[in-house]
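Read through the structure below, which is laid out as structure tokens, and then see the notes.
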Amino acid sequence: MGEFVRHRRSNKVIATFTVLEADLLRSLAAQLVELLHNERAIAPTGEDPLEALLDFSGPTTEPEDPVLQRLFPTAYRQDPEAAGEFRRFTEGGLRDSKARAAETVIDVLEEAGLPGEPTDPDLVIDVELDRSTALTWMRAFTDLRLALGVRLGVEEGDQDYWDALPEEDPRAQAHHLFEWLGYLQETLVEAVG
Amino acid sequence: MGAVSTASPTRLEMAVDPGVLPDITPEDVTLADTPWVTIVWNDPVNLMSYVTFVFTTYFGYSRKKAEKLMMEVHEEGKSVVSTGSREEMERDVQAMHEYGLWATLQKAE
């Protein structure tokens, strides 16, 4: 349970989740959507107040939240002006696209029978993804893992640190979640091939 | 999604009177600007399999080439994954950000 495999005959990618797992995925995806919409992309303010009011293009400066900084990296390392222009033309669209991907995860889980308020703990949720939806899930899992990774301060080669944390430490629990998403992602990449 | 274009395009469509062609040698003529590159940087979160998958899916690279680039990212901290005009590289960087990879662009060294 809880891993992706390719269904040979239909060529679709399938997975079965417990209602608890599906509910957890939905909750994480919903938090990501909220974060993406929460700290609004702030449009640049020019000298002229009217011009500023009429400027509906995107932001030119980095988001404040470290998660958003990682999701929308600065594209030019040595040219702040070009980096600002790039951000202005891309960040809004990327925010929408990432939010839509997370919403797709939620929609698919609910269409597969995940109730708004799960009451039956024995319920299982079977999802079936075509290639394009599987790619969308992959992007959403990536963003969720990036968000958790940044919040936890995950670094290269730090496995021993996490393994040594006591089980009751909330960070250990969040790291288990991070690893679980990694496992799901690994099986999803493998299944899509 | 709005395309980013800040570099000036190479103009090929200008009508030229052969009689007034300036005295230039072929060496003076460069149609392409200095090439730009897209660089993907290592991060502690993205899975090796996923990064390889993105390189094959988005760039259409062979599995072998995609794995080589992924290993460069992983072991050397970064890798040049594509080369082209500034506009093309901006498109590639935007796509990498959509996939959650940490990418930047710069002039080729």
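These numbers come from a predicted model, not from an experiment.
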(request) Name the member of Asp96(A), Leu146(A), Asp143(A), Leu188(A) that forms the most heavy-atom pairs with chain B at distances under 4.5 Å. (result) Leu146(A)
(request) With a 4.5 Å cut-off on heavy-atom pairs, point out which of Val93(B), Asn46(B), Leu105(B), Leu101(B) contacts chain A the most. (result) Leu105(B)
(message) Please classify the contact between Asp43(B) and chain A as side chain, backbone, both or neither, with a heavy-atom cut-off of under 4.5 Å.
(response) both
(message) Heavy-atom pairs under 4.5 Å with chain B: which of Glu186(A), Glu190(A), Gln78(A) has the most?
(response) Glu186(A)
(message) Checking side-chain polar atoms at under 3.5 Å, does Thr60(A) have a donor or acceptor matched by the opposite partner on Glu85(A)?
(response) no
(message) Need one label for Phe53(B): side chain, backbone, both or neither, based on atoms under 4.5 Å from any heavy atom in chain A.
(response) side chain
(request) Look at atom CD of Glu155(A) and say whether more than 12 heavy atoms of other residues, nucleotides or ligands are closer to it than 6.0 Å. (result) no
(message) Working to the nearest 0.5 angstrom, can you tell me the gap between Arg171(A) CZ and Tyr161(A) OH?
(response) 4.0 Å
(request) Heavy-atom distances under 4.5 Å only: say whether Arg131(A) touches chain B with side chain, backbone, both or neither. (result) side chain
(request) Check whether Leu71(A) gets within reach of chain B through its side chain, its backbone, both or neither, counting any heavy atom under 4.5 Å. (result) backbone
(request) Heavy-atom distances under 4.5 Å only: say whether Leu135(A) touches chain B with side chain, backbone, both or neither. (result) side chain
(request) Report yes if the side chains of Glu67(B) and Glu72(B) come closer than 4.5 Å at any heavy-atom pair, otherwise no. (result) no
(request) Compare all side-chain heavy atoms of Thr90(A) with those of His97(B) and state whether any distance is below 4.5 angstrom. (result) no
(request) Side chain from CB out, backbone as N, CA, C, O: work out which of these in Phe178(A) comes under 4.5 Å of a heavy atom of chain B, or both, or neither. (result) side chain
(message) Just by distance, no angles: are the side chains of Tyr183(A) and Glu3(A) close enough, under 3.5 Å, to form a donor-acceptor pair?
(response) yes
(message) What part of Thr57(B) gets within 4.5 angstrom of chain A, counting heavy atoms only: side chain, backbone, both, or neither?
(response) side chain
(message) Could you tell me if Gln94(B) and Glu91(A) have a donor-acceptor pair between their side chains, going purely by distance under 3.5 Å?
(response) no
